Amino acid sequence: MSEYKNLIFENKEGVVHLSINRPDKLNALNIETIEELKLAFEEVQDNPEIKAVILMGEGEKAFVAGADIYEISELNEMNARKFSENGQEVFAIIENCQKPVIGIIHGFALGGGCELAMACHIRIITDQAKFGQPEVNLGIIPGYGGTQRLTQLVGKAKAMELCMTGDMLSALDALKLGLANYKVANKEEALAKVEELLQKILSKAPVAIGLVIDCVNAATNEQENGYQTEANGFAACTKTEDFKEGTQAFLQKRKANFKGV
Ligand code: COA
């Protein structure tokens, strides 16, 4: 099992439980943690035994309360662009991970925490979750993709309001706005809900799941023609053994047994 300074990375029978582990700083993302997130997701991508990731924050108070304001306070025009682009790159790696990434959001998900949650494929939130992009309170704007992903998830009017006011959203409002897939009472229930979802997702053909991730992401990528990506992905599926297995299993009225090839 890998050792990280600011992350807890536990591989539990192919499902990685990945927690941001700076609870005394409400799991604020310093540059070191961003680098470790990059390494962790590279490890997830490269290890064929890993099937999925559950991303969480350690402790009871926060998923992540933002980028580290101590580091932000030292930024200038020269290094701030790099800081932003680096975070954007790492969050894009998470969003484009070929294995399902499910976020459990319990407590504060502010600034970079809201942005990290939005980079997950699916979000389960607890009643204690609080979302917001409060960067304007510090005289800055979201820099890890928040203006883009929030607009994609909740629409332009609400994204504009949330980024301009810096207001926090309750768990119920976040659910109503489409920021979350499900809202549950506590972390335990969230883990049970994730397990239920993963049981379904991981019983499907893994190549098809990876292509679903690519195609749904393509819908919000202006550099890509999503319909073309979908047609290419659809064709690519037919080259897999799992495609033959899935269709034959249906015709033979039995359950498919997918192999990931
Ligand atoms: N960066 C660095 N440190 C942070 C942090 C952040 N984004 N958010 C919280 N912390 C630290 C605090 O400095 C404090 O550290 P200390 O005990 O060494 O002083 C510790 O985490 C606990 O935070 P505290 O503010 O005392 O908790 P609280 O319950 O009173 O308030 C929040 C919680 C989330 C409302 C408050 O911490 C906050 O507003 N954080 C910043 C949110 C933000 O602006 N995020 C976007 C950053 S771009």
Side-chain angles (χ1 to χ4, degrees), residues 4-8 18-38 55-92 94-95 103-120 123 125-154 158-175 177 179-180 183 186-187 190:
Y4 295 96
K5 186 171 158 205
N6 303 300
L7 302 177
I8 300 172
L18 184 61
S19 297
I20 315 292
N21 186 28
R22 300 181 76 212
D24 54 326
K25 295 291 174 200
L26 303 189
N27 300 322
L29 298 173
N30 56 5
I31 292 168
E32 197 177 53
T33 308
I34 293 282
E35 283 310 306
E36 288 192 351
L37 274 171
K38 184 178 183 183
L55 187 59
M56 299 170 276
E58 193 59 15
E60 282 303 308
K61 273 191 82 174
F63 172 67
V64 166
D68 191 305
I69 298 174
Y70 293 89
E71 289 182 353
I72 285 186
S73 69
E74 301 291 328
L75 292 175
N76 56 48
E77 199 187 344
M78 293 292 288
N79 55 22
R81 178 173 287 109
K82 178 104 185 53
F83 177 94
S84 171
E85 287 171 351
N86 182 49
Q88 287 181 359
E89 184 198 321
V90 175
F91 287 16
I94 297 172
E95 185 173 50
I104 292 182
I105 291 85
H106 177 74
F108 295 109
L110 303 175
C114 184
E115 291 168 308
L116 180 60
M118 292 191 294
C120 297
R123 282 159 293 285
I125 70 174
T126 71
D127 285 334
Q128 290 76 39
K130 281 196 165 57
F131 287 84
Q133 296 288 166
E135 288 86 348
V136 283
N137 296 330
L138 305 169
I140 50 170
I141 65 169
Y144 288 170
T147 57
Q148 305 305 296
R149 290 197 182 92
L150 192 61
T151 306
Q152 289 156 10
L153 282 170
V154 308
K158 264 294 166 190
M160 196 71 90
E161 178 190 336
L162 288 166
C163 291
M164 288 204 289
T165 61
D167 280 351
M168 272 192 231
L169 282 175
S170 69
L172 186 59
D173 286 342
L175 180 73
L177 279 174
L179 256 179
K183 179 176 80 63
N186 52 44
K187 259 187 174 175

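Note that ligands are numbered from 1 as they come in the structure, with each ligand's atoms numbered from 1 the same way. The figures here come from the full heavy-atom set of this structure, side chains too, leaving out hydrogens, waters and symmetry mates. Everything numeric here is computed off the predicted structure, so don't read it as measured data.
- Distances from atom 25 (O) of ligand 1 to the protein include no heavy-atom value under 4.0 Å.
- Near Lys61, with a cut-off below 4.0 Å to any heavy atom, the atoms of ligand 1 are 27 (O), 28 (P), 29 (O).
- On a distance-only criterion, Ala65 and ligand 1 share at least one N/O pair closer than 3.5 Å.
- The shell of residues lying under 4.0 angstrom from ligand 1, judged by heavy atoms, excludes Asn30.
- For ligand 1, the atoms closer than 4.0 angstrom to any heavy atom of Leu110 are 34 (C), 42 (C).
- Environment of NZ in Lys183: crowded, with over 12 heavy atoms of neighbouring residues, nucleotides or ligands closer than 6.0 Å.
- For ligand 1, the atoms closer than 4.0 angstrom to any heavy atom of Tyr70 are 2 (C), 3 (N), 13 (O).
- Contacts between Pro134 and ligand 1, counted as non-hydrogen atom pairs separated by less than 4.0 Å, involve the side chain only.
- Lys158 and Glu161 are joined by a salt bridge, as a carboxylate oxygen and a charged side-chain nitrogen come within less than 4.0 angstrom of each other.
- Taking a 6.0 Å sphere around CG of Leu172, one finds it holds more than 12 heavy atoms contributed by other residues, nucleotides or ligands.
- Within the 4.0 angstrom cut-off, atom 28 (P) of ligand 1 has one or more protein heavy-atom neighbours.
- The nearest protein heavy atom to atom 38 (C) of ligand 1 is not closer than 4.0 Å.
- For Ile72, every heavy-atom contact with ligand 1 shorter than 4.0 Å involves the side chain, none the backbone.
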